[in-house]
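It should be emphasised that the depicted structure is a prediction, and the values quoted were computed from it without experimental measurement. Each chain gets a letter, A, B and so on, in the order the sequences are listed, and its residues count up from 1.
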There are 2 protein chains.
Amino acid sequence: MSGEDNNDIDFGVLDELIGYRLRKTQLVFFNRFGDACADVGISPGLFGVLVIVKRNPGLTQTAVAMALGNDRSAMVAAVDKLEQMNLVERRPSKSDRRSYALYLTEEGQTRYQSIEERVLEYERELQSVLKPGEQELLLDMLMRLTESGIQS
Amino acid sequence: MSGEDNNDIDFGVLDELIGYRLRKTQLVFFNRFGDACADVGISPGLFGVLVIVKRNPGLTQTAVAMALGNDRSAMVAAVDKLEQMNLVERRPSKSDRRSYALYLTEEGQTRYQSIEERVLEYERELQSVLKPGEQELLLDMLMRLTESGIQS
DNA sequence: TATTGTTATACTCTATAACTATA
DNA sequence: TATAGTTATAGAGTATAACAATA
């Protein structure tokens with residue numbers, strides 16, 4: 001997908017921009033995620049919802065959206081899809097009739113394992129270019145860069 | 001823009017996934033880029049074209065697209081916009097009447113400087129959470145992760 | 001035949017605003 | 001009044017397929 005004979009191209013300041021490199025690298029991870037999970041219909045965004053619901057059963061849609069940092073309107077289609085795949089179910093909240101509590105279905109619990117395995121497998125594959133300790137350092141740097149830019 | 005009181009949320013495997021962290025961090029950089037350059041109408045993608053054309057004057061649209069790793073069909077709207085802003089111009093290629101050679105206009109040359117300054121300024125701001133030497137290390141790791149995943 | 005720029009198209013991701021039913 | 005889920009909508013970003021002009 002990337003360039004071919006870019007050896008003779010001068011990338012100027014792009015070579016020093018973390019923002020530019022992040023975009024390219026994120027695209028590689030995104031594409032690999034697709035290769036790994038396309039047949040099960042799980043995108044990176046849907047996987048995020050899946051993880052949050054699995055680890056925090058009973059959350060409302062809005063709470064999941066806040067956890068993932070996106071708008072609650074985006075949750076509707078996401079949960080719709082996961083419900084159609086019979087991975088997640090909406091249960092009416094007992095305390096608040098406006099909201100749902102989200103849970104993995106029984107099928108969701110078992111299928112989650114194989115999905116997570118796939119994700120971890122392609123991550124390990126890509127991370128194989130990192131030396132010991134570099135993964136933790138990379139995650140730490142990315143976390144710091146994210147926290148500093150909460151603003152807005 | 002991100003979550004608020006996510007202290008009590010269990011992110012499970014997401015905390016170890018470089019792909020997930022990349023996406024979040026890239027979004028922060030993307031948003032900051034917008035804050036820094038919205039008034040001049042330059043997006044991260046347009047800035048990439050600008051840099052390549054400045055450092056490699058005379059390239060065709062397809063060559064710029066390959067350098068940046070995206071499809072040549074996307075270049076049409078990009079160059080259209082940059083041409084309307086009077087930053088870039090299409091000159092007919094002497095050797096090949098199918099293609100254009102891309103150059104910064106005179107106005108593009110001068111305005112490029114202030115745009116690059118803005119970009120470098122917000123990058124420095126975000127990078128202030130990195131310790132000495134970490135920027136180079138981060139860029140190196142990102143580069144390695146990208147090169148390993150060229151495939152597809 | 002292959003390639004350049006182009007158009008049409010479509011799909012994903014994301015955000016905003018407004019609606020409804022509840023609180 | 002404020003909030004949860006929803007809908008409609010719109011804007012990027014990106015990719016594919018096909019076409020005309022040219023190689």
Side-chain angles (χ1 to χ4, degrees), chain A residues 1-2 4 19-20 22-24 26-31 33-35 37-38 41-49 58-83 88-102 152, chain B residues 1-2 4 19-20 22-24 26-31 33-35 37-38 41-49 58-83 88-102 152:
Chain A
M1 57 135 294
S2 235
E4 330 292 314
Y20 176 73
L22 280 175
R23 190 158 63 106
K24 309 301 290 180
Q26 199 256 317
L27 245 168
V28 169
F29 275 75
F30 189 90
N31 288 333
F33 193 106
D35 295 345
C37 299
I42 294 294
S43 67
L46 290 180
F47 182 69
V49 175
L59 285 187
T60 66
Q61 290 186 187
T62 299
V64 174
M66 283 200 311
L68 292 170
N70 44 31
D71 198 84
R72 65 198 207 283
S73 68
M75 290 297 300
V76 181
V79 178
D80 281 354
K81 281 181 199 163
L82 293 173
E83 220 172 18
V88 164
E89 66 176 325
R90 286 186 244 234
R91 297 188 201 159
S93 165
K94 275 220 132 185
S95 57
D96 187 339
R97 284 189 301 177
R98 291 173 302 181
S99 62
Y100 298 117
L102 300 178
S152 124
Chain B
M1 52 133 298
S2 238
E4 329 293 312
Y20 177 73
L22 281 174
R23 189 159 63 107
K24 309 301 291 180
Q26 198 255 315
L27 244 169
V28 169
F29 276 75
F30 188 91
N31 288 333
F33 192 107
D35 296 345
C37 297
I42 294 294
S43 67
L46 290 180
F47 181 69
V49 175
L59 286 188
T60 65
Q61 290 185 187
T62 298
V64 174
M66 284 199 311
L68 292 170
N70 43 32
D71 198 85
R72 64 193 207 280
S73 67
M75 291 296 302
V76 181
V79 177
D80 281 355
K81 281 181 199 162
L82 293 172
E83 219 172 21
V88 164
E89 67 176 324
R90 284 187 246 234
R91 296 188 201 159
S93 166
K94 276 221 134 186
S95 55
D96 187 337
R97 284 189 300 175
R98 291 173 302 179
S99 62
Y100 298 116
L102 300 179
S152 121

Q: Nearest-Å distance, CG (A:L46) to C1' (C:dT14)?
A: 14 Å
Q: Establish, with yes or no, whether the OP1 or OP2 oxygen of D:dT6 is under 4.0 angstrom from a side-chain nitrogen or oxygen of A:R90.
A: yes
Q: Measure the distance from CE on A:M75 to C1' on D:dT7 and round it to the nearest whole Å.
A: 16 Å
Q: If I take atom CZ from residue B:F33 and atom CZ from residue A:R23, how far apart are they, to the nearest 0.5 angstrom?
A: 9.0 Å
Q: Should the side chain of B:R98 and the base of C:dG5 be counted as holding a donor-acceptor pair, with the cut-off at 3.5 Å?
A: no
Q: Could you give the CG-to-P distance, from B:N31 to C:dC13, as a whole number of Å?
A: 17 Å
Q: In whole Å, I'd like the distance from the CD atom of A:Q61 to the P atom of D:dT7.
A: 10 Å
Q: Starting at atom CG of A:N70, determine the distance to atom C1' of C:dT16, rounded to an integer number of angstrom.
A: 14 Å
Q: Closest heavy-atom contact between A:A101 and A:G58?
A: CB-O, 3.5 Å
Q: For A:V64 and A:L102, which heavy atoms make the closest approach, and how far apart are they?
A: CG2-CD1, 4.1 Å
Q: Taking the axis from the first five pairs and the axis from the last five, what angle separates them in the helix from C:dT1-D:dA23 to C:dA23-D:dT1, rounded to 10 degrees?
A: 10°
Q: Just the rounded figure in Å: distance from C1' of D:dT3 to CE of A:M66.
A: 11 Å
Q: When you measure from the side chain of B:V76, which nucleotide among D:dT7, D:dT14, C:dT7 comes out closest?
A: C:dT7
Q: To the closest 0.5 Å, what do you measure between CD1 (B:I42) and NZ (B:K81)?
A: 9.5 Å
Q: Check the phosphate of D:dA12 against B:S43, side-chain N and O only, distance under 4.0 Å to OP1 or OP2. Yes or no?
A: no
Q: Output the rounded distance in Å from CZ (A:R97) to P (D:dG5).
A: 15 Å
Q: On DNA chain D, nearest-nucleotide positions of A:R23 versus A:Y100: which is more 5'?
A: A:Y100
Q: Classify A:S73 by what it touches in the nucleic acid, base, sugar-phosphate, or nothing, heavy-atom distance under 4.0 Å.
A: base
Q: Between atom CG in A:D96 and atom P in D:dG5, what is the gap in whole Å?
A: 8 Å
Q: When rounded to the nearest 0.5 angstrom, what is the spacing between OG in B:S93 and CG in B:L59?
A: 11.5 Å
Q: Using a 4.0 Å heavy-atom cut-off across all strands, classify A:D71 as base, sugar-phosphate, or nothing.
A: base
Q: Compare all side-chain heavy atoms of A:T62 with those of A:M75 and state whether any distance is below 4.5 angstrom.
A: no
Q: So, for B:R90 and B:V76, which heavy atoms are closest and what is the spacing to 0.1 Å?
A: NH2-O, 4.1 Å
Q: From C:dT6, D:dA12, C:dA18, pick the nucleotide closest to the side chain of B:F30?
A: D:dA12
